[in-house]
Asker: 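Structure incoming, see below.
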Amino acid sequence: MNELLTAAIEAHGGSARWRELTRARATLVSGGRLFAAKGLPQDPEPREMTVLLHEEHASVRPFGTPDQKTDFTPGRVSIDKVDGRVVATRENPRSSFTGHTLSTPWDPLDRAYFNGYALWTYLTTPFLLAMPGFTVSEIEPWQEGDELWRGLRAAFPPGIASHSTHQDFYFGPDHLLRRHDYNVDVAGGFAAAQYVYDYVEADGIVLPTKRRAHSRDATGHPVRDDVMVSIELSDIHFS
């Protein structure tokens, strides 16, 4: 395994602890300009996010109405009643984004798909980079103020849904994630720089509780006054 990835995994709780766990659950509050641009502005109400750790499967509740939740995998997304009845479903959901630009409206299943893959990615970083099919290589570091952040470029395998095939992860001197760069292919491919901070330890896993995804300019710098997505996590549990 890549030396930097090994150090990052250990800093975030270690591979031994990760293998003992199967799922994560957290309270989520999200916002940002992206959702309004998609015609689905986000309210500030908290929601519960659940993800499996070793396969890409996620759910958020409530969704749309208090008695509904989402069910996401890369090949299928649905909106279900909490008693299991299916409200709406879509097979091969990625195909519905073909031709989208940043201003193309999303329907609720598009939003459920985005929620699913994005939160699964965030709650499993950096451990997912050691899963079969991923390839990683060290890239030029990023200078942020007085700190030099070492970087990894990851190529995601076809079976994992995420923002884009290639994504960059930057780690501080303590090997904790500081920044995550990607292109949002389901929203016209705009370039994003996501900063993460306010770390906590939850059941042996160390992770950030706040994320701010900014649009990224041609030099790689974030446009600080353009918050595309904001995420705050609390009451986090791994089991």
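What you see below is based on every heavy atom in this structure, not just the backbone, and it leaves out hydrogens, waters and symmetry mates. Computed from a predicted structure; not experimentally measured.
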Asker: Indicate yes or no for a side-chain donor-acceptor contact from Thr73 to the backbone of Arg76 under 3.5 Å, with no hydrogens or angles considered.
Answerer: yes
Asker: Do side-chain atoms of Asp43 reach the backbone of Glu45 as a donor and acceptor pair under 3.5 angstrom?
Answerer: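 Yes, because the side chain of Asp43 sits within donor-acceptor range (under 3.5 Å) of the backbone of Glu45.
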Asker: Report the C-alpha separation of Arg94 and Val186 in whole Å, then their side-chain angles, then the decisive distance to 0.1 Å, and conclude whether the side-chain contact (heavy atoms from CB on, under 4.5 Å) test is met.
Answerer: CA-CA 8 Å; Arg94 192 74 171 210; Val186 298; 3.7 Å; yes
Asker: ring-ring contact (aromatic ring centres under 6.0 Å, His included), that's the test. Do Trp142 and His221 meet it? Break it down for me.
Answerer: CA-CA 10 Å; Trp142 177 263; His221 290 84; 4.9 Å; yes
Asker: Please give me the minimum heavy-atom distance between Glu140 and Tyr170, naming the atom from each residue.
Answerer: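 Between these two residues, the closest heavy atoms are O-CE2, 3.7 Å.
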Asker: Would you indicate whether the side-chain heavy atoms of Met228 and Leu102 approach each other to under 4.5 Å?
Answerer: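 SC-SC contact between Leu102 and Met228 confirmed.
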Asker: Side chains of Tyr113 and Trp106: does their closest heavy-atom pair fall under 4.5 Å?
Answerer: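 A side-chain contact under 4.5 Å is absent here.
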Asker: If two hydrophobic side chains count as joined below 4.5 Å and joins carry through other members, does Met49 share a cluster with Leu52?
Answerer: no
Asker: Would you say the side-chain atoms of Arg47 pair up with the backbone N or O of Pro62, donor to acceptor, closer than 3.5 Å?
Answerer: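 Yes; at least one donor-acceptor contact below 3.5 Å.
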Asker: What distance separates Glu232 CD from Ser30 OG, expressed to the nearest 0.5 Å?
Answerer: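 One finds 10.0 Å between CD of Glu232 and OG of Ser30.
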Asker: Side-chain heavy atoms nearer than 4.5 Å, only ILVMFWY residues, links allowed to pass through others: does that put Met1 and Leu129 together?
Answerer: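 The answer is yes; both residues are in one hydrophobic cluster.
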Asker: Can you give me the closest heavy-atom contact between His57 and Phe72, atom names plus distance?
Answerer: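 What the structure gives for the nearest pair is CD2-O, 3.1 Å.
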Asker: Nearest 0.5 Å please: distance from the CG atom of Leu109 over to the CD1 atom of Ile79.
Answerer: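 Reported to 0.5 Å precision, the distance equals 4.5 Å.
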Asker: Working to the nearest 0.5 angstrom, can you tell me the gap between Leu119 CG and Thr70 OG1?
Answerer: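 It comes to 9.5 Å.
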Asker: To check you understand the geometry: which heavy-atom pair defines the closest contact between Pro157 and Pro132, and what is its length?
Answerer: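 Answer, listing the atom of Pro157 first, then Pro132: CG-O, 4.2 Å.
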Asker: Which heavy-atom pair separates Ala161 from Thr121 by the least distance, and what is that distance?
Answerer: O-OG1, 4.4 Å
Asker: Consider only side-chain heavy atoms of I, L, V, M, F, W and Y, link residues closer than 4.5 Å, and tell whether Phe127 and Phe134 are in one cluster.
Answerer: yes
Asker: Which label fits His180 and Tyr122: parallel for a plane angle under 30°, tilted from 30 to 60°, or perpendicular past 60°?
Answerer: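 The arrangement is perpendicular - the two ring planes meet at more than 60°.
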Asker: With the threshold set at 4.0 Å, does a side-chain nitrogen-carboxylate oxygen contact exist between Arg17 and Glu10?
Answerer: no
Asker: Kindly assign one of parallel, tilted or perpendicular to the pair His12 and Phe171, based on the angle between their ring planes and the thresholds 30° and 60°.
Answerer: perpendicular
Asker: So Val51 and Arg25, do their side chains get closer than 4.5 Å, heavy atoms only?
Answerer: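 Result no, sub-4.5 Å side-chain heavy-atom pair not found.
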Asker: Salt bridge check, Arg85 against Asp83: does any charged N sit closer than 4.0 Å to a carboxylate O?
Answerer: yes
Asker: Quick one, Trp149 with Glu147, criterion side-chain hydrogen bond (donor to acceptor under 3.5 Å, both in side chains). Give me CA distance, side-chain angles, the key distance, then yes/no.
Answerer: CA-CA 6 Å; Trp149 298 346; Glu147 288 193 347; 2.7 Å; yes
Asker: Side chains of Leu233 and Thr27: does their closest heavy-atom pair fall under 4.5 Å?
Answerer: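 Leu233 vs Thr27: side chains apart.
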Asker: Decide yes or no for Ile139 and Leu152: does some side-chain heavy atom of the first lie under 4.5 Å from some side-chain heavy atom of the second?
Answerer: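 Counting from C-beta outward, Ile139 and Leu152 never come under 4.5 Å.
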Asker: Quick one: does any side-chain atom of Asn183 pair with a main-chain N or O of Asp185 as donor and acceptor, under 3.5 Å?
Answerer: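 It does not hold such a pair.
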Asker: Main chain of Thr104, side chain of Lys38: is a donor-acceptor contact present, judged purely on distance under 3.5 Å?
Answerer: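 Yes.
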Asker: Side chains of Thr209 and Tyr199, heavy atoms from C-beta outward: is any pair under 4.5 Å?
Answerer: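 No, too far: nothing below the 4.5 Å cut-off.
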Asker: Hey, mind stepping through Leu207 and Val200 against side-chain contact (heavy atoms from CB on, under 4.5 Å) and telling me if it holds?
Answerer: CA-CA 6 Å; Leu207 75 163; Val200 298; 4.1 Å; yes
Asker: Does Tyr182 offer a backbone N or O that forms a donor-acceptor pair with the side chain of Arg216 under 3.5 Å?
Answerer: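 The answer is yes, because a donor-acceptor pair under 3.5 Å joins these two groups.
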Asker: Would you say Arg61 has more than 12 foreign heavy atoms packed within less than 6.0 Å of its CZ?
Answerer: no
Asker: For Trp18 and Ile9, run side-chain contact (heavy atoms from CB on, under 4.5 Å): C-alpha distance rounded to whole Å, both residues' side-chain angles, the deciding distance at 0.1 Å, then the answer.
Answerer: CA-CA 9 Å; Trp18 189 253; Ile9 285 174; over 6 Å; no
Asker: Within this structure, what is the CZ-OG1 distance for the pair Phe169 and Thr125, rounded to the nearest 0.5 Å?
Answerer: 5.0 Å
Asker: Salt bridge between Glu144 and Arg178, side-chain N to carboxylate O under 4.0 Å?
Answerer: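 Result for this pair is no, no salt bridge flagged.
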Asker: Where is the tightest heavy-atom contact between Ala26 and Ile236, given as atom of each residue plus distance?
Answerer: CB-CG1, 3.9 Å
Asker: With a 4.5 Å cut-off on side-chain heavy atoms, are Asp80 and Val87 touching?
Answerer: no
Asker: For the residue pair Ile160 and Trp120, what are the closest heavy atoms and their distance?
Answerer: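 Result for this residue pair: CG2-CZ3, 4.0 Å.
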Asker: If I take atom OH from residue Tyr117 and atom CD from residue Glu56, how far apart are they, to the nearest 0.5 angstrom?
Answerer: 10.0 Å
Asker: Are Val229 and Arg212 close enough, and set up right, to give a side-chain contact (heavy atoms from CB on, under 4.5 Å), and what steps lead you there?
Answerer: CA-CA 6 Å; Val229 176; Arg212 297 292 184 271; over 6 Å; no
Asker: Does Arg153, at its CZ atom, have more than 12 non-hydrogen atoms belonging to other residues, nucleotides or ligands within less than 6.0 Å?
Answerer: no
Asker: Does Leu21 offer a backbone N or O that forms a donor-acceptor pair with the side chain of His54 under 3.5 Å?
Answerer: yes
Asker: Report yes or no: does Gln143 contribute a side-chain atom to a donor-acceptor pair with the main-chain N or O of Gly145 at less than 3.5 Å?
Answerer: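 Yes; at least one donor-acceptor contact below 3.5 Å.
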Asker: Measure the shortest side-chain to side-chain distance between Phe156 and Ser162 over non-hydrogen atoms and say whether it is less than 4.5 angstrom.
Answerer: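 Of all side-chain heavy-atom pairs linking Ser162 with Phe156, at least one is under 4.5 Å.
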Asker: Hey, is Asp107 close enough to Arg90 for a salt bridge, meaning N to O under 4.0 Å?
Answerer: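 A salt bridge links Asp107 with Arg90.
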Asker: Start with the C-alpha distance between Arg150 and Glu3, add both sets of side-chain angles, then the distance that settles salt bridge (charged side-chain N to carboxylate O under 4.0 Å, His left out), and finish with yes or no.
Answerer: CA-CA 11 Å; Arg150 292 174 66 187; Glu3 171 266 330; 2.8 Å; yes
Asker: Considering the options Arg211, His214, Arg179, which one meets the side chain to side chain donor-acceptor pair (under 3.5 Å) requirement together with Tyr195?
Answerer: Arg179
Asker: If I take atom CG from residue Leu5 and atom OG from residue Ser15, how far apart are they, to the nearest 0.5 angstrom?
Answerer: 10.0 Å
Asker: May I ask you to decide if Ser164's main-chain N or O and Gln167's side chain share a donor-acceptor pair within less than 3.5 Å?
Answerer: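 Answer holds: yes.
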Asker: Applying the 4.5 Å side-chain criterion to the ILVMFWY set and letting contacts propagate, would Ile231 and Leu40 be lumped into a single cluster?
Answerer: yes
